[in-house]
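For reference, the structure discussed in these notes is given below.
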Amino acid sequence: MEFEKLQQQSMAEWKELQSSKKPRILIGTGTCGRAAGSLKTLEAIKNELKRLNIDAIVTEVGCIGLCYTEPIVDIIKPGQPRIAYGKVTPEVAVKLIQDYLAGDNPHPELALGTVGEGTIPGIPKMSEHPMLKPQVRISLRNCGNIDPKDIKQYIASGGYSGFAKALQMAPDDVIAELKKSGLRGRGGAGFSAGMKWELCRKAPGDVKYVICNFDEGDPGAFMNRLLLEGDPHSLLEGLLIGGHAIGASKGYIYCRAEKPLAIERLDFAIKQMHEYGLLGDNILGSKMSFDIEVKKGAGAFVCGEETALMASIEGKRGMPRSRPPFPAVSGLWGKPTNINNVETWANSAIILQKGGAWFAGFGTEKSKGTKTFALAGKITRTGLIEVPMGMPLRTIINDIGGGPVGGRKFKAVQTGGPSGGCLPASKLDLPVDYESLAEAGAIVGSGGMVVADEDTCMVDLARFFLSFVQHESCGKCVPCRVGTRQMLKILERITNGKGKPEDIAQLENLAKTIKAGSLCALGGTAPNPVLTTLRYFKDEYEAHINDKRCPAHSCKALIEYAIVPQKCEGCMICMRQCPASAIKGGKRLIHIIDQSKCTKCGTCMEVCPERFGAVVKLSGEKMDIPSEPIPVIVKNKAAAAKAE
Amino acid sequence: MDLTKLKAILEPYKGQKGSLIAVLQKTQEVYGYLPEEALREIAKELGTTANEVYGVASFYAQFRFKPQGKNVVKVCEGTACHVRGSHRLLESVQDYLHIQPGEITPDGVFGVERVACVGCCALAPVMIINEDVHAGMTPVEAKKILTDIEKSEKTQVK
Ligand SMILES: Cc1cc2nc3c(=O)[nH]c(=O)nc-3n(C[C@H](O)[C@H](O)[C@H](O)COP(=O)(O)O)c2cc1C
Ligand code: FES
């Protein structure tokens with residue numbers, strides 16, 4: 001079919017759906033939604049609709065990124081604005097169907113906001129939601145709005161028109177358009193996408209490949225997963241455009257096996273492309289032939305590195321090799337290959353749809369466009385966001401993310417995963433772009449942002465990353481294999497309270513050697529989390545080493561759990577639940593933890609009723625504790641009895 | 001052991017370059033792990049050495065050479081889960097089941113594994129049992145879930 005016809009047909013169907021006489025329900029069933037129970041909610045919705053005999057169109061969509069308030073359900077009553085609801089449990093869903101779909105109470109108190117045109121009294125506009133307001137959603141524009149399993153909905157929203165346009169253009173002009181956009185690689189290094197495409201186009205050879213890197217192994221990051229679950233065709237369109245511009249006839253998508261739903265959506269989308277003549281021979285009636293194959297990785301972080309990734313596609317151990325030759329000259333099976341991240345490919349599609357100049361209108365001088373970030377850790381509104389490059393960190397953390405959980409004090413944000421760094425509160429005014437973050441010792445990376453609060457130990461966080469890279473080191477080069485192990489040993493020593501004063505210098509020394517001597521960027525960047533924590537949080541290292549104290553009360557070897565005598569109500573809950581039977585006490589007697597038996601599992605702290613909050617962690621602080629259980633000091637029998 | 005299933009797996013991949021990892025994944029799907037006999041057979045059928053096949057299989061975290069527990073409990077140890085207390089979660093699971101990551105309980109009902117991020121970081125810390133992701137876990141809640149599974153396994157046996 002001609003593309004124009006397909007487009008017209010898709011748009012007509014989309015319009016018909018929008019003006020449908022039936023109510024519509026959209027429910028986010030991405031991985032986050034499912035973890036929050038959205039499949040149960042979906043079942044409840046279907047059952048209730050059936051019970052009440054309501055004929056509604058229920059669509060499973062991707063996630064809009066407000067993961068903290070999943071499951072999210074949108075309800076559109078004919079003639080009414082679309083309303084989004086958060087934390088929709090099966091019970092809430094049933095209530096909404098009964099009261100709003102069958103009645104006329106939209107339950108403003110449960111709503112997040114109205115989406116698009118129109119308003120409803122008592123419900124704010126979704127575009128005013130604090131997490132959404134500062135965002136500019138380009139690559140995420142369709143997530144949560146269209147059915148990811150319906151290629152026509154993607155086409156109706158402008159999809160594949162970028163590719164159709166590119167097909168009419170000379171490959172060099174396509175590349176020129178991409179260059180004009182200023183798009184830089186979203187997988188970590190930030191290399192100009194247009195330049196990379198050009199290098200590969202110019203490389204001699206008849207057979208060329210394009211690869212999409214969906215290895216997304218950075219722990220704490222889920223940008224690519226969410227995009228693929230919600231809008232798989234945007235990446236696929238990008239690959240097609242790249243195939244045409246570079247002269248490749250085959251594309252590979254290398255996927256992280258731990259993200260099965262995204263892979264499922266991709267497989268389905270590729271099947272649809274075949275059905276609609278967007279893959280195979282003579283695509284859209286042109287001379288272009290192109291095919292896409294999905295390759296499932298097998299759980300090795302280093303396979304995100306481009307040369308290791310290609311070795312893995314070839315069915316080998318995924319070990320990096322030295323460059324040059326660069327993949328653009330000699331890549332997969334020795335052929336010129338262009339590899340980009342999921343988001344880079346998806347951005348190429350919208351750039352061809354809307355023009356390079358349009359994209360370059362967002363962002364800063366050197367970092368153009370928007371970037372997605374995964375907000376996680378100790379932050380109130382966790383989820384996935386997309387903002388123009390150059391937005392101050394403070395806006396992202398405080399306005400969009402709502403600051404640390406429970407009003408705790410912000411300590412640091414870790415960006416860029418194991419290759420990145422930790423930035424302290426004093427750096428919150430930094431604009432988030434490639435240059436500024438690099439200058440401060442961190443990186444934009446692929447977009448992971450994990451927030452640490454006052455309870456997070458920065459030495460332990462550095463140890464965590466080192467243990468990760470040490471475990472993931474492929475072992476090919478010595479600096480990475482042995483060096484990271486030595487750094488890890490020192491960090492373990494420090495967090496175990498056995499650190500020596502000379503350890504800090506030793507860490508700095510090792511870091512220098514590993515950075516200089518490693519074969520690939522896994523080793524080359526592995527010391528970064530240590531270096532930035534040393535740069536901004538040296539006092540924490542010193543407290544561990546010199547005072548044998550963990551200021552965040554997190555390192556097990558350096559803390560004790562204690563029950564505050566003035567707060568204990570003698571309710572016996574902790575005593576009963578302690579797996580080590582380390583708590584002495586009795587009814588209405590102050591409980592005491594026997595430190596020789598305590599395994600520091602923290603159960604007592606978790607189970608102590610919140611209104612007592614009697615269990616604390618000590619690290620160096622002194623507290624007067626009776627030697628034997630004595631009658632409770634606070635006389636609040638009623639509360640204690642209730643707790644029992 | 002029954003190698004006929006393996007033969008069926010290998011059939012479509014014969015002579016196809018770069019298929020080793022996919023073959024290993026399918027084999028593990030069918031047998032639950034990679035038995036030595038299967039690895040040798042794969043080497044023979046793909047025209048390579050057992051050494052090469054084992055070399056590739058042992059490189060990737062996904063592949064196992066021992067059978068798995070009936071219920072696989074995976075605790076995420078990614079960054080987001082780490083700062084939200086996943087180490088305590090893992091410890092409590094280990095304590096409860098009396099096994100270390102990579103091991104299975106003597107009755108084969110549970111196995112414990114560590115994973116490095118399943119992309120559900122926004123709802124950290126997470127624990128995955130079989131395919132179900134349990135979000136926002138605490139050690140106490142995790143134990144409750146394990147107790148429930150234990151009970152239902154016991155009633156099934158009866
Ligand atoms: C250890 C390591 C892991 C990496 N993991 C990823 C990854 O998961 N996804 C990704 O896109 N790039 C990853 N990269 C970067 C890739 O090597 C490569 O630069 C990138 O895919 C290029 O795409 P881009 O130009 O669109 O960013 C990793 C690099 C290293 C050294
Ligand atoms: S860090 Fe645990 S799911 Fe990502």
Side-chain angles (χ1 to χ4, degrees), chain A residues 31-32 34-36 67-68 70 216-222 225-226 256-260 262 295-301 303 312-319 333 374-378 382-384 414 417 448 450-452 456 461 464-465 468 471-472 474 577 579 599 601-603 606-607, chain B residues 13 16-26 28 46 48 52-53 55-63 74 76-89 91-92 95-96 114-124 126-128 131-136 138-141 143:
Chain A
T31 303
C32 292
R34 288 180 184 197
C67 306
Y68 75 100
E70 292 275 7
E216 193 159 63
D218 185 356
F222 51 95
R225 163 188 77 69
L226 193 140
R256 178 140 292 263
E258 284 89 339
K259 309 198 168 164
K295 282 273 184 182
K296 245 161 78 175
F301 174 66
C303 285
S312 183
I313 292 184
E314 292 173 9
K316 301 181 191 144
R317 289 165 71 94
M319 300 232 229
W333 285 301
L375 288 184
K378 303 279 194 66
T382 54
L384 195 83
Q414 206 283 340
V450 180
V451 172
T456 316
L461 195 58
F464 164 80
F465 279 115
F468 178 82
H471 189 253
E472 295 294 340
C474 79
Q577 299 236 18
T599 60
C601 70
T603 303
E606 194 184 319
V607 299
Chain B
Y13 290 104
Q16 206 179 308
K17 58 180 181 175
S19 57
L20 179 54
I21 294 172
V23 167
L24 292 172
Q25 284 169 332
K26 289 250 161 74
Q28 182 160 291
L46 294 183
T48 170
E52 173 72 25
V53 173
V56 170
S58 60
F59 183 84
Y60 295 97
Q62 193 188 34
F63 298 119
K74 296 181 189 159
C76 176
E77 293 216 301
T79 320
C81 291
H82 176 78
V83 304
R84 288 243 186 179
S86 63
H87 46 290
R88 285 190 46 228
L89 189 61
E91 273 170 17
S92 78
D95 271 6
Y96 185 79
R114 282 193 278 231
V115 283
C117 190
V118 292
C120 221
C121 328
L123 303 170
V126 303
M127 173 171 91
I128 304 100
E131 300 296 310
D132 294 335
V133 181
H134 299 267
T138 65
V140 175
E141 259 172 78
K143 280 185 196 167

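Every chain is numbered from 1 and lettered A, B, ... according to where its sequence line falls, protein lines coming before strand lines.
- In this structure, Cys121(B) and Thr382(A) have side chains that are not in contact, with every pair of non-hydrogen atoms separated by 4.5 Å or more.
- Note: Gly377(A) leads Ala452(A), Gly377(A), Gly299(A), Gly417(A) in heavy-atom pairs under 4.5 Å with chain B.
- Looking at Phe468(A), the atoms closer than 4.5 Å to chain B (heavy atoms on both sides) all sit in the side chain, from C-beta outward.
- In terms of heavy atoms, Cys117(B) sits closest to Pro219(A) at CB-CA, 3.6 Å.
- Taking the side chain as every heavy atom from C-beta outward, Pro579(A) and Lys143(B) approach each other to under 4.5 Å.
- Of the two parts of Thr603(A), the backbone and the side chain both hold a non-hydrogen atom closer than 4.5 Å to a non-hydrogen atom of chain B.
- Considering every non-hydrogen atom in both Ala35(A) and Leu123(B), the closest pair reads CB-CD1, 3.9 Å.
- Among the candidates Ala262(A), Gly297(A), Ala374(A), the residue making the largest number of heavy-atom pairs closer than 4.5 Å to chain B is Gly297(A).
- Between chain A and the options Ser19(B), Ala22(B), Cys76(B), Gly78(B), heavy-atom pairs under 4.5 Å are most frequent for Gly78(B).
- Counting heavy-atom pairs under 4.5 Å between each of Glu77(B), His82(B), Glu91(B) and chain A puts His82(B) at the top.
- Taken from CG in Asp132(B) to CZ in Arg34(A), the straight-line distance is 10.5 Å, to the nearest 0.5 Å.
- Residue Ala221(A) touches chain B through its backbone alone, counting heavy-atom pairs closer than 4.5 Å.
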For this session: Evaluate the criterion side chain to side chain contact (heavy atoms under 4.5 Å, CB included) for residue pair Thr31(A) and Val118(B); output intermediate values, then yes/no.
Result: CA-CA 9 Å; Thr31(A) 303; Val118(B) 292; 5.9 Å; no
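- Among Ile21(B), Val133(B), Thr79(B), the residue making the largest number of heavy-atom pairs under 4.5 Å with chain A is Thr79(B).
- Contact annotation for Lys259(A): only side-chain heavy atoms (C-beta onward) come within less than 4.5 Å of a heavy atom of chain B.
- Judged by distance alone, the side chain of Glu606(A) and the main-chain N or O of Thr138(B) form no donor-acceptor pair under 3.5 Å.
- Looking at Val451(A), only its backbone comes within 4.5 Å of chain B, counting heavy atoms on both sides.
- Highest contact tally toward chain A, considering only Lys74(B), Arg84(B), His134(B), is held by Arg84(B) [criterion: heavy-atom pairs under 4.5 Å].
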Let me check something: any side-chain donor-acceptor pairs from residues 55-63 of chain B under 3.5 Å, sequence neighbours excluded? List them with distances.
| unit_1 | atom_1 | unit_2 | atom_2 | d |
| --- | --- | --- | --- | --- |
| Ser58(B) | OG | Tyr54(B) | O | 2.9 |
| Ser58(B) | OG | Gly55(B) | O | 3.3 |
| Tyr60(B) | OH | Ser312(A) | OG | 3.0 |
| Tyr60(B) | OH | Lys316(A) | O | 2.7 |
| Tyr60(B) | OH | Gly318(A) | N | 3.1 |
| Gln62(B) | OE1 | Gln25(B) | NE2 | 3.1 |

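- Every residue was checked against the ring-ring contact (aromatic ring centres under 6.0 Å, His included) condition with His471(A), not counting sequence neighbours, and none meets it.
- When heavy atoms are compared at a cutoff of 4.5 Å, Cys601(A) approaches chain B solely by way of its backbone atoms N, CA, C and O.
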